[in-house]
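Data first, discussion second: the structure below is written as C-alpha cells.
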Amino acid sequence: MTAPLTLLDRLWSAHEVLRREDGTSLLWVDRHLVHEGSHHAFAKLAARKAAVAEPALTFGVVDHYAPTRGREGAMAPDVARMIDTLRRNADQHGIRLFDLMDPAQGIVHVIGPEQGLTLPGLLINCGDSHTSTHGAFGALAFGIGATEVAHVLSTQTIWQKKPDAMRITVEGALGPGVSAKDIALHWIARLGTGGAQGFAVEYAGSAVRDLSMEGRMTLCNLSIEGGARFGMIAPDDTTFAYLKGRPHAPKGIAWDDACADWSKHRSDPDAAFTREVHIDAAQIAPTVTWGTSPEQAVPVDADIPTPAALEADKAKAASAALEYMGLTAGKPIAGTPVDQVFIGSCTNGRIEDLRAAGAVLTGRRAKVPGIVSPGSAKVKAQAEAEGLDRIFIEAGLEWVASGCSMCVGMNGDLVESGKRCASSTNRNFRGRQGRGARTHLMSPAMVAAAAVTGAITDVRPMLQGRAA
Amino acid sequence: MAGWSTYRGSAVSLPLANVDTDQLIPARFMSAPRSEGYGKFLLHDMRRDDSGADSADFVLNRHQEAGVLVAGRNFGSGSSREAAVYALVDAGFRAVIAPAFGDIFASNAVNNGLLPAQVTAEDAEVLHATLGKDCAEMTIDLETGVMTLGNRSIPFQLRDSWRTKLINGWDDIDLTLHHAGAIAAYKDKRHSQTPWAWPSAAD
C-alpha cells in the first residue's frame with residue numbers, strides 16, 4: 001500500500017526529470033507562455049546564440065503593453081518598441097504569437113485556458129506571477145523571473161524545490177453578491193500576504209466545487225497575493241465541460257483518454273497537508289481593500305481598522321497605508337467616495353465577471369468615469385453578442401479593447417496621483433496603477449456598485465430583484 | 001555571473017514591511033534595456049519627490065555607497081519582475097536581509113548573485129535599531145551563514161542549493177545542458193504516455 005498523495009505530489013512526480021542531492025528537482029515544462037516583458041530573457045538567449053528548445057510548446061501574446069484604444073494607429077514609442085521586440089523574437093524562434101489584431105488576443109492568463117492550451121496535469125510557466133491562475137484546471141502553474149524564462153526557453157525545463165502542501169477548504173454556499181474574489185480577499189486578509197509563502201495551495205470544499213471555471217481562475221490567480229507561488233484545484237466535470245472543443249484541447253478519442261487520465265489528478269482522501277485552513281463560505285461578505293497591501297482588506301460593512309488595535313508589526317504599515325490612501329481610521333469603509341472605476345485584468349476580466357458587473361449596471365448610470373477592458377478579444381466578442389457592451393456604454397463607462405490595461409498601467413492606462421479607483425484587479429500596491437494612485441480592490445459587481453453610487457458600496461441590496 | 005563567498009560593505013536599514021517589487025521598480029521603467037543600467041530606478045517613487053528630485057533624508061540617498069539592505073517582512077512580494085533585482089544589483093547591492101521574502105523575488109535574486117538572507121524578526125529588529133538612519137560596515141559569510149555588524153554576529157537562513165549557487169556563480173543553463181540525455185528520455189516517455197500534453201493543432 002502506497003502512502004496517500006496530494007494533487008501537488010502527483011503533478012510534481014509526473015514532471016520530475018531528475019532530483020539533485022540538495023532536493024532541487026528538474027521539471028519538464030509542458031507550456032511556456034511569453035509576453036512583451038520577456039524581452040530580458042530573449043536578450044539572454046541572443047547573448048548565448050541559443051535557440052528556443054521547444055517552439056511548439058511556447059506561445060507568445062501581446063498583453064502587458066497592449067493599447068486598449070486606437071490599436072490600428074500610432075502608439076507611444078516605448079509601447080511600440082516593446083511590442084515590436086516580441087514580434088521579432090517570436091518570428092525569429094518560430095513561436096505562435098497572439099498579436100494585437102489576432103481574434104484570439106488577450107491577457108495571457110485568460111487566453112491560455114480559452115484556447116485550450118491550459119489543461120489539467122500540465123506544468124505551465126510564464127514570466128508573470130499570476131501564472132497560478134492556470135492551476136484552476138489542476139495544472140502545476142507558477143510564475144518565474146527572466147533568468148528562469150531564459151532557462152525554460154533554452155531547455156524546456158525548470159529547477160524548482162518542491163513547496164509544502166497547504167489546503168484551503170471552503171465549505172457551504174456563498175451569499176448572493178459574494179464571489180471568488182471575496183473568498184480570496186477574505187483568506188488573504190485572515191492569513192496575511194505572507195500567509196502561504198513557500199506553499200502550494202490546493203483549494204477544496206463545496207464552495208470551491210460550486211465555482212465556475214472563471215471563479216476558480218480568480219481564486220487561483222490571487223494565490224500569489226497570499227504569498228503562494230502555486231494555487232490549484234482538482235479537475236472535475238466543470239473543468240472538462242469548459243475545455244471540451246477549445247481550439248488546442250485534445251479531440252476525438254484523445255479527448256476521452258485525456259479525461260480518463262485527468263480524473264486521477266486529485267488528492268487522496270487521507271493525504272496529509274502541512275497546513276490546513278477551513279473557511280465557512282456563509283461568513284464571507286463582499287470584501288474591499290482599504291490599504292496598500294491585499295491583506296489590508298475588510299468586509300464592506302466593516303470599519304477601516306484603527307492601527308493601534310492591530311498587531312505591532314502591522315500597526316506601522318497600517319498607519320502609513322492610511323496616510324497614502326487618504327483615509328481615516330475607524331470610519332466605515334462604505335461611503336468612501338471614488339473618482340473612477342476599472343473592470344478587467346487577469347483576475348476579473350472574464351465573461352462571468354462582465355456579466356456580474358452588467359447585472360448591477362443594467363438600467364443604471366455611473367456617477368464616476370471608468371474603463372471596462374475585457375480579458376480577451378473573444379471575451380469582448382461574446383460580451384458584445386450578449387449586449388453587455390451596451391449596458392456599460394449606456395451607464396457611461398468606456399468599453400475598450402483587451403489587455404492588462406489599468407491593472408499595471410504599462411500601456412499608459414493610468415490613475416492620476418491622489419485619485420481613488422475602485423478596481424477589479426489584483427494589487428493595491430503604492431503606485432501600482434500610477435504614481436500616487438489609490439486603489440481599492442473588490443469584485444466586479446462591487447466595482448459596478450461603486451460606479452453607480454460614486455462611493456464604495458455594498459452591492460447586495462442593489463442586486464435585490466435582479467438576476468445576479 | 002561571478003560567485004562570492006564573503007562580502008564586506010556598508011549596510012543601511014529600510015524598516016518597512018511589504019516593500020513589493022512594484023515599489024522596487026515602478027512598471028513604467030521596465031521597457032528600458034538592461035544595458036542602460038537599472039540602478040537609477042531603484043525605489044524610484046519612494047526616494048524622489050514629484051519633480052523627480054532626490055529626497056534628501058531618504059536613507060538610500062544619504063548612503064549611496066550601501067551594499068547591504070536590511071528590510072522588513074515580505075520584502076519583494078508581488079510581481080515576478082526580475083527588474084526589481086536588476087535595480088538592486090545595478091545600484092550596488094549584494095545582499096538584502098529580511099524576516100521573509102517573496103518566493104519569486106528570492107529565486108530571482110539568487111539568479112543574479114544577490115543574497116536574500118533570512119533572519120528572525122527579532123534579529124531584524126536588532127539590525128534596524130543598531131543601524132538607525134546611519135550606515136555601518138557589515139561582513140557577510142556565505143559559508144558559515146553568519147553576518148557581523150560591529151561586535152554582533154547574527155545567523156541567517158539560506159537554502160543549501162542557493163548557497164552553492166551564489167558561491168560558484170553558476171549559470172543554470174550550463175548545468176542543465178549536462179542533463180540533455182535525461183531530458184530527451186523524459187520527453188519521449190511523456191510523449192508516449194500522455195500524448196494529450198502536446199497541444200492539438202487548432203482547426
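Below, read A as the first sequence line, B as the second, and so on, with proteins coming before strands; counting in each chain starts at 1.
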Less than 4.5 Å apart, any side-chain heavy atom of [X] and any of [Y]?
X      : Y      : answer
B:R159 : A:K161 : yes
A:E16  : B:Y186 : no
B:M30  : A:H64  : no

Would you compute the distance between atom [atom1] of [X] and atom [atom2] of [Y] and round it to the nearest 0.5 angstrom?
X      : Y      : atom1 : atom2 : value
B:S200 : A:R246 : OG    : CZ    : 14.0 Å
A:S293 : B:N18  : OG    : CG    : 4.5 Å
A:T24  : B:K165 : OG1   : NZ    : 9.0 Å
B:F29  : A:M410 : CZ    : CE    : 12.0 Å

Heavy atoms only, distances under 4.5 angstrom: which of [options] has the most pairs with chain B? Name it, please.
options                        : answer
A:W159, A:Y65, A:F142, A:F59   : A:W159
A:L18, A:D78, A:I224           : A:L18
A:R430, A:E21, A:H40           : A:H40
A:V149, A:L26, A:L119          : A:L26
A:T193, A:T157, A:N426         : A:T193
A:E295, A:R435, A:H248, A:R427 : A:R435

Shortest non-hydrogen separation from [X] to [Y] and the atoms involved:
X      : Y      : value
B:P33  : A:R81  : CD-NH2, 4.4 Å
B:W196 : A:P120 : CZ3-O, 3.3 Å
B:I173 : A:A150 : CD1-O, 3.9 Å
B:S31  : A:H39  : O-CE1, 4.2 Å
B:S80  : A:S129 : OG-N, 3.4 Å
A:R432 : B:S79  : NH1-CB, 4.4 Å

List the steps, then state whether side chain to side chain contact (heavy atoms under 4.5 Å, CB included) holds for A:Q156 with B:I183. CA-CA 9 Å; A:Q156 203 60 27; B:I183 295 170; 5.9 Å; no
Quick check: are there more than 12 heavy atoms from other residues, nucleotides or ligands sitting under 6.0 Å from [atom1] of [X]?
X      : atom1 : value
A:R19  : CZ    : no
A:E416 : CD    : no
B:K40  : NZ    : yes

Between B:R190 and A:D30, is there a side-chain N and carboxylate O pair less than 4.0 Å apart? yes
Carboxylate-amine/guanidinium contact A:R48 B:D171, below 4.0 Å: yes
Enumerate by number any residue of residues 110-129 of chain B whose heavy atoms lie under 4.5 Å from heavy atoms of chain A; in the absence of such residues, state 'none'. B:N111, B:N112
Close approach to chain A in residues 47-54 of chain B, criterion heavy atom under 4.5 Å: B:R48, B:D49, B:D50
Using a cut-off of under 4.5 Å for heavy-atom pairs, which of [options] has the most such pairs with chain A?
options                        : answer
B:D22, B:L175, B:T194          : B:D22
B:D45, B:D172, B:L16           : B:D45
B:T164, B:D103, B:D160, B:N108 : B:D103
B:P199, B:P195, B:A202, B:P26  : B:P199
B:R73, B:Q23, B:R28, B:R81     : B:R73
B:T176, B:L177, B:V85          : B:T176

Quick one: what part of [X] sits under 4.5 Å from any heavy atom of chain B, side chain, backbone, both or neither?
X      : result
A:L414 : neither
A:A50  : neither
A:K251 : both
A:P163 : neither
A:A146 : both
A:E54  : side chain
A:W262 : side chain

If I measure from the heavy atoms of chain A, does [X] come under 4.5 Å with its side chain, its backbone, both, or neither?
X      : answer
B:Y86  : side chain
B:S107 : side chain
B:A201 : backbone
B:A32  : backbone

Given the rule in the side-chain hydrogen bond (donor to acceptor under 3.5 Å, both in side chains) test, do B:N74 and A:Q197 qualify, once you have shown the distances and angles that lead to the verdict? CA-CA 9 Å; B:N74 211 20; A:Q197 235 161 35; 2.5 Å; yes
